[in-house]
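Single-structure report; data block below.
Along the sequence shown, the residues carry numbers beginning at 1. Just follow the structure's listing: the first ligand is 1, and inside any ligand the first atom is 1.
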Amino acid sequence: MSPIPRFTMWSAHFITLIAPIVSAIEVTIPLTAPPGAAPLMGNLVSLSIEQDRWTDWAGTTEPNTFFNNVLDNFIQITNTPPFVRIGADSEDHTDFSYDVEYGEDIFPPSSTIRPYPEATNITVGQGFYNIISHLPNGTQVHWGVNFREYNLTAAYLETVALMNAFSSPAVVEKYITLKFIEIGNEADLYYHNKGRNSSWNVQEYVSEWEEFAYNVSTTANLSDCSYTKLIGAAFAESSHNNLSGFSPQAIFNLGILESPAGQLIETISQHHYSGSFCTGGGAVLQDLMTKSYIRGNISAFSPDVEATLAKGLDYILGETNSMSCHGAPNVSNTAGAALWLLDYTLYATQVGISRLHFHDGIGYKYNLIQPTTLNYSILDGSPIEPLAPHVQPAYYAAIIAAEAIGSSGATQAVEISIDEDNVAGYAFYEHGVLSKAVFINLVAYFSDAGARNSTHIDFSFTGPGYTSDNMSVKTLEIGYASDTANLTWGGQTYETSDGRVSGPLTVDVVPICSGIDLQETEAILVTFL
Ligand SMILES: *[C@@H]1O[C@H](CO)[C@@H](O)[C@H](O)[C@H]1NC(C)=O
Ligand SMILES: *[C@@H]1O[C@H](CO)[C@@H](O)[C@H](O)[C@H]1NC(C)=O
Ligand SMILES: *[C@@H]1O[C@H](CO)[C@@H](O)[C@H](O)[C@H]1NC(C)=O
Ligand SMILES: *[C@@H]1O[C@H](CO)[C@@H](O)[C@H](O)[C@H]1NC(C)=O
Ligand SMILES: *[C@@H]1O[C@H](CO)[C@@H](O)[C@H](O)[C@H]1NC(C)=O
Ligand SMILES: *[C@@H]1O[C@H](CO)[C@@H](O)[C@H](O)[C@H]1NC(C)=O
Ligand SMILES: *[C@@H]1O[C@H](CO)[C@@H](O)[C@H](O)[C@H]1NC(C)=O
Ligand SMILES: *[C@@H]1O[C@H](CO)[C@@H](O)[C@H](O)[C@H]1NC(C)=O
Ligand SMILES: *[C@@H]1O[C@H](CO)[C@@H](O)[C@H](O)[C@H]1NC(C)=O
Ligand SMILES: *[C@@H]1O[C@H](CO)[C@@H](O)[C@H](O)[C@H]1NC(C)=O
Ligand SMILES: *[C@@H]1O[C@H](CO)[C@@H](O)[C@H](O)[C@H]1NC(C)=O
Ligand SMILES: *[C@@H]1O[C@H](CO)[C@@H](O)[C@H](O)[C@H]1NC(C)=O
């Protein structure tokens with residue numbers, strides 16, 4: 001190729017690069033928390049862990065230091081460890097044996113769609129539960145027992161082992177507590193996944209659940225005044241789909257909360273993914289990140305949340321993430337998915353969801369954390385050079401949420417009304433006083449897109465209170481939405497061998513009246529000083 005057309009191409013490219021479109025908006029932020037602002041706990045972003053490989057997360061003979069460090073990072077910020085749910089699909093494939101020390105798995109073959117498949121058969125011993133002592137001090141736990149196999153002995157022996165583990169000195173001394181026992185994972189799918197026959201329906205579910213929950217709660221000595229309580233529902237399909245008639249409202253109407261064990265339900269758990277990769281196929285990163293789709297996916301649960309809160313119970317997403325069956329390649333594992341997670345989480349608080357457990361397994365695409373060395377690609381299962389434990393982009397979103405919430409224990413948030421298709425914002429209050437704001441630009445910016453646009457945001461304030469003249473601005477810098485690594489948060493990285501933050505912190509202190517520029521595929525945390 002001759003140099004002349006090359007030069008022409010380059011200069012044309014250069015001109016678009018220096019001429020990005022800047023839209024300008026003004027947002028109005030109340031200086032004191034509006035009535036009904038959502039309370040946010042430090043563990044708003046929590047984890048759900050597929051239990052077939054729980055031993056890899058916790059460590060057997062010694063704790064997994066990497067996993068501990070990346071959990072402790074949250075304690076440093078919010079003073080609260082992430083809540084850890086252990087179980088999921090494999091909780092319903094788990095038997096107990098006194099002859100097993102930790103756990104033994106039988107795995108199906110790895111495939112392109114599922115490079116790290118779930119075990120079909122898991123046999124665990126007492127040590128499997130005892131290693132909960134390896135988690136950080138103060139960790140609260142939600143653990144599932146087997147219901148799908150309709151084997152009361154399995155549920156009973158698992159409950160006995162749980163109670164033994166959580167009463168052991170090593171666990172008690174670290175204030176690690178069993179807050180919830182979950183009886184069965186996604187029981188609404190049991191006919192579909194051949195756990196039950198065609199007579200399976202919500203009436204039969206409630207009757208069998210009450211039978212199992214009676215045994216579990218009696219075995220564990222649960223009562224009105226015990227700390228440990230039961231999880232309700234843990235269903236896969238939202239009631240608005242009504243595929244199977246399973247919903248919180250349906251089980252309430254069938255009287256589950258009045259049954260002896262049902263009186264121990266303190267929280268209703270719902271599972272949700274925004275799409276599926278179970279049979280492969282493409283997912284589109286911009287779709288995942290689209291503001292209206294995020295609102296659609298979350299607000300579908302509003303009727304269930306309202307019905308649950310009306311019963312005086314909490315409502316959580318006990319298992320959630322981007323795309324079911326471990327995530328979609330080049331979507332779930334990307335920086336764009338981090339922005340999705342941040343907006344999805346903060347928006348969820350606005351409909352009354354009190355906590356989200358993001359599901360992680362060993363080698364799953366949508367993980368926040370990969371706690372062990374991987375030898376196969378998470379994208380297609382091909383062999384790779386051993387890849388040391390590391391965090392994935394979504395981890396940064398959890399850190400940003402933690403920093404926005406802080407350690408006051410008295411944080412609330414409201415969504416800021418923003419009339420832009422893909423810009424979202426939230427204001428945070430501590431003890432009722434405006435403290436911070438988060439802005440997220442959900443336009444997926446790719447390497448071939450030309451000039452990177454940005455939105456200029458000016459602030460105006462309403463109501464009683466004041467801010468000083470300045471704010472600090474901390475930015476999640478992302479090259480492209482499709483990046484799978486090399487994000488920085490305030491100039492720092494969490495992509496380190498020990499999972500600890502590294503590098504000099506960069507925050508800009510600027511006058512509030514100058515506003516901020518928010519690029520496509522970017523998040524900014526503003527702290528009002
Ligand atoms: C029932 O569960 C127990 C304990 O997990 C296990 O030993 C037994 O084999 C199971 N029974 C069946 C029929 O699967
Ligand atoms: C699981 O594996 C154990 C040990 O191999 C076996 O006894 C048991 O029958 C298997 N259970 C199921 C449900 O396949
Ligand atoms: C629970 O089930 C186990 C196994 O069938 C049985 O041994 C135990 O007595 C039951 N406990 C209660 C309280 O029903
Ligand atoms: C766990 O934390 C509690 C409360 O902060 C403290 O009293 C206790 O000593 C800690 N235990 C361990 C083993 O670190
Ligand atoms: C389904 O299983 C239940 C109990 O396991 C049994 O009572 C019922 O007859 C079965 N229904 C059908 C349609 O096979
Ligand atoms: C339940 O209470 C009984 C009777 O007080 C006691 O023997 C048993 O150890 C308790 N079990 C658990 C798991 O705390
Ligand atoms: C939901 O499904 C159940 C059982 O299939 C049915 O009885 C009920 O009418 C449905 N509800 C709605 C709102 O469609
Ligand atoms: C949920 O999000 C997906 C994209 O991730 C979108 O395709 C779907 O339409 C959304 N659902 C709703 C109800 O908005
Ligand atoms: C994912 O991205 C990588 C790197 O760009 C590419 O090689 C691969 O083909 C992509 N996989 C899919 C399923 O799109
Ligand atoms: C990868 O291989 C190493 C060395 O054999 C092993 O320790 C590790 O468990 C393997 N990773 C997984 C996820 O199986
Ligand atoms: C920037 O905005 C312009 C005008 O809306 C649009 O045509 C262009 O595609 C945008 N560029 C990117 C990278 O989004
Ligand atoms: C991250 O940055 C390093 C150093 O610039 C580079 O070698 C590596 O390829 C990047 N990784 C990804 C996934 O972009």
If you have a sec, work out which protein heavy atom is nearest [atom] and how many Å separate them, to one decimal?
| atom | answer |
| --- | --- |
| atom 3 (C) of ligand 12 | Asn486 ND2, 3.5 Å |
| atom 5 (O) of ligand 9 | Asn330 ND2, 4.8 Å |
| atom 13 (C) of ligand 9 | Pro329 CG, 3.8 Å |

Item to check | Aromatic ring proximity His271/His359, centre distance under 6.0 Å | outcome: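 Not under 6.0 Å, so no.
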Checklist entry - Does the separation of the ring centres of Tyr190 and Phe246 fall below 6.0 angstrom? => result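 Distance test on ring centres: not under 6.0 Å, no.
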Next on the checklist: Out of all atoms in ligand 12, which are within 4.0 Å of some heavy atom of Ala485? Include the element for each.
Outcome noted: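 Close to Ala485: 13 (C).
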Next on the checklist: Using a 4.0 Å cutoff against the non-hydrogen atoms of Thr484, which atoms of ligand 12 qualify?
Outcome noted: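 Heavy-atom distances to Thr484 below 4.0 Å select 13 (C).
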Item to check | 4.0 Å protein heavy-atom contact status of atom 11 (N) of ligand 9, strictly under | outcome: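 Under the 4.0 Å cut-off, atom 11 (N) of ligand 9 does have protein heavy-atom neighbours.
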Checklist entry - Just how far is it from atom CG of Leu341 to atom CG of Asn321, taken to the nearest 0.5 Å? => result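 Here the interatomic distance stands at 6.5 Å.
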Checklist entry - How long is the gap from CG on Leu525 to CD1 on Ile440, to the nearest 0.5 Å? => result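 Answer rounded to 0.5 Å: 10.5 Å.
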Checklist entry - With a cut-off of under 6.0 Å to the ring centre and 45° to the axis, is Arg114 in cation-pi contact with Tyr376? => result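 Negative - Arg114 is either too far from the ring of Tyr376 or too far off its axis.
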Checklist entry - Would you say ligand 8 has an N or O under 3.5 Å from any N or O of Asn297? => result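 Right, the criterion is met.
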Next on the checklist: Tell me whether Asp483 reaches ligand 12 (any heavy atom closer than 4.0 angstrom to a ligand atom).
Outcome noted: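 The answer is no, since Asp483 has no heavy atom less than 4.0 Å from ligand 12.
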Next on the checklist: Looking at Glu522 and Arg452, is any side-chain nitrogen of the basic one under 4.0 Å from a carboxylate oxygen of the acidic one?
Outcome noted: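 Answer for the salt bridge query: no.
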Checklist entry - Which ligand 8 atoms does Leu288 reach within 4.0 Å, using its non-hydrogen atoms? => result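 In order of numbering, the contacting atoms are 5 (O).
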Next on the checklist: Could you check whether atom NE2 of His192 has more than 12 heavy atoms from other residues, nucleotides or ligands sitting under 6.0 Å from it?
Outcome noted: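 No, NE2 of His192 has 12 or fewer neighbouring heavy atoms, counting only those of other groups under 6.0 Å.
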